[in-house]
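I have placed the structure first, in the form of structure tokens, so that the comments after it can refer back to it.
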Amino acid sequence: MTPPAAMPTMPIGPVMCVVGARPNFMKIAPILRALAAHQPPLPALLVHTGQHYDASMSDRLFADLRLPQPDLNLEVGSGSHAVQTAEVMKRFEPALDTHRPSCVLVVGDVNSTLACTLVAVKKGVPVVHVEAGLRSYDRKMPEEINRVLTDQVADRLYTTERSAAANLQREGVAAERIAFTGNVMIDSLLACREHARPAAATLQAHGLDPALLAHPQGYGVVTLHRPSNVDDAAALRPLLEVLAEVAAQLPLVFAMHPRTRINIERFGLGGLLRPEHIAVLPPQGYLEMVGLMDGATVVLTDSGGLQEETTALGVPCLTLRENTERPITVEQGTNTMVGRDVQAIRTGVAEILAGRGKRGRVPELWDGRAAERIAADLYAWLRAGTP
Ligand code: UD1
């Protein structure tokens, strides 16, 4: 699919930027700023599908990231994958008809990413995918399906690490459609780091005693939300048990996703989280999360974004997943894959507490200027009217 040929003097239609779920917000914020700062400016429209809707999962991040209010909120809410994807598609189509954008720009790998991509390509609107080409090669992950399908039909693909282009080319994506522009998530991290909220203030704000953090070894941060870890009691229980063990040596701050909180209650596992060792918090704002990570001794997570953010911050990360679509965080960064292997988790923490955690280095083009490179490339691409 090629963008419509444009005469050099013709105005470029709006870039319709899509967000749906929490990890999209930190990716789109620097892109919107870079489109506005580009000379000449690229007009943009922000569409929120409403996949995430709680104040803690959405509004709060908009404020922290200084995101403008969306031009359009599709308010799809939660549902099964089919229902959620279908609802986004149904509600996105008329928005495309009304606004007639020059292209649709999607980020990441959530259901909203794929849903809007499918609608746009079938209507002949060019699709731009930011964070293309990442692969876990685990098709049981819904995000992997979203990534593979989005990349197959996207017209312009921006990558965060060099391995992504090789993945794409193996799937038949032409090299000319791909540009290595760096990591927009790290643009947000670097822009917000100095405004981050100190961890003690975050605990206090939730009525918790910050003395918990004053341990000689520091503290660890935990996030868990992957269905494979939290939807099944047989997977979740041993993870919470080993976290309780770790917490007896190193206090933990657990910023809990709604999916995880609901399941812990449902399975009756709340008793494993002893408040004298583990501070359980609701999902945190971006400035709180950056402050928590930046001061941590270790981060234990199954998030994709946190693997990258800890690498950029130089904080050791233990990833509670069997695979990662972000291999550079392991090869160059601070990330170690421990899966659901409780012994690997114990050993990983022990190594870090013994001062042998990975220091890592910051990967190529994770320099805070990825969005700027995307805006420059996108402008040239839309102007040229060819991929
Ligand atoms: C989604 C993304 C995942 C991303 C994650 C970050 C897909 C397939 N998954 O997973 O890649 O890492 O977001 O959070 O798109 N809920 C609320 N409030 C909200 C949103 C959700 O309480 O604002 C609860 C609901 O019970 C909902 C559940 O969380 O059913 C799951 O939400 P959903 O958007 O389906 O998936 P996530 O697990 O958040």
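Remember, it's 1-based here, ligands and their atoms both numbered in the order they're listed. We're numbering straight along the sequence, starting at 1.
Heavy-atom minimum distance, Ala375 versus Ala34: CB-O, 3.7 Å. Contact record, Met16 with Val47: CG-CG2, 3.7 Å, taken as the closest heavy-atom pair. Nearest heavy atom pair, residue Asp302 against residue Leu320, reads CB-O, 3.8 Å.
For the atom pair CD1 of Ile278 and CZ of Phe254, the computed distance is 8.0 Å after rounding to the nearest 0.5 Å. Between Asn183 atom CG and Arg369 atom CZ the span is 15.5 Å, to the nearest 0.5 Å.
Summary of contacts: the protein heavy atom closest to atom 38 (O) of ligand 1 is Arg259 NE, 2.8 Å. In terms of protein heavy-atom proximity, atom 29 (O) of ligand 1 is nearest to His257 CE1, 3.9 Å. Given atom 2 (C) of ligand 1, the protein heavy atom at minimum distance is Val110 CG1, 3.8 Å. Nearest protein heavy-atom neighbour of atom 9 (N) of ligand 1: Glu143 OE2, 3.4 Å. When hydrogens are left out, the protein atom nearest atom 18 (N) of ligand 1 is Asp54 OD2, 2.9 Å; that is the closest non-hydrogen contact. Summary of contacts: the protein heavy atom closest to atom 16 (N) of ligand 1 is Tyr53 OH, 3.6 Å. Atom 6 (C) of ligand 1 has as its closest protein heavy atom Pro23 CD, 3.5 Å.
Distance alone, capped at 3.5 Å, is enough to place a donor-acceptor pair between the Asp155 side chain and the Val127 backbone. Of the possible donor and acceptor atoms, none in the side chain of Asp151 sits under 3.5 Å from a partner among the backbone N and O of Ala132.
Heavy-atom contacts of Ser78 reach the following atoms of ligand 1: 21 (C), 25 (C), 27 (C), 30 (O) (cutoff under 4.0 Å). Per-residue contacts place Met57 under 4.0 angstrom from the following atoms of ligand 1 (heavy atoms of the residue considered): 14 (O), 19 (C), 23 (O). Listed by number with element, the atoms of ligand 1 under 4.0 Å from a non-hydrogen atom of Ile262 are 26 (O).
The side-chain heavy atoms of Leu134 and Arg147, taken from C-beta on, include a pair separated by under 4.5 Å.
Tested against Thr329, the residues Thr311, Asn335, Thr334, Thr324 include a single side chain to side chain donor-acceptor pair (under 3.5 Å) partner, Asn335.
Of the candidates Arg22, His225, Gln84, His225 brings a heavy atom nearest to atom 5 (C) of ligand 1. Which of Pro258, Gly304, Gly20, Gly305 comes nearest to atom 24 (C) of ligand 1 through a heavy atom is settled by distance: it is Pro258. If you check each of Asn24, Asn111, Val230, Thr223 against atom 8 (C) of ligand 1, the one with the closest non-hydrogen atom is Asn111.
Between Asn146 and ligand 1, a contact under 3.5 Å exists for no N or O pair. Annotation: His81 places no N or O atom under 3.5 Å from an N or O atom of ligand 1; distance criterion only.
If you check the side chains of Asn146 and Thr113, you find no donor sitting under 3.5 Å from an acceptor.
At a 4.0 Å heavy-atom cut-off, ligand 1 touches His52 through backbone and side chain alike.
Taking 4.0 Å as the cut-off, Ser58 does not count as a neighbour of ligand 1 on heavy-atom distance.
Relative ring orientation between His257 and His52 is described as perpendicular, the plane-to-plane angle rising above 60° on a 0-90° scale split at 30° and 60°.
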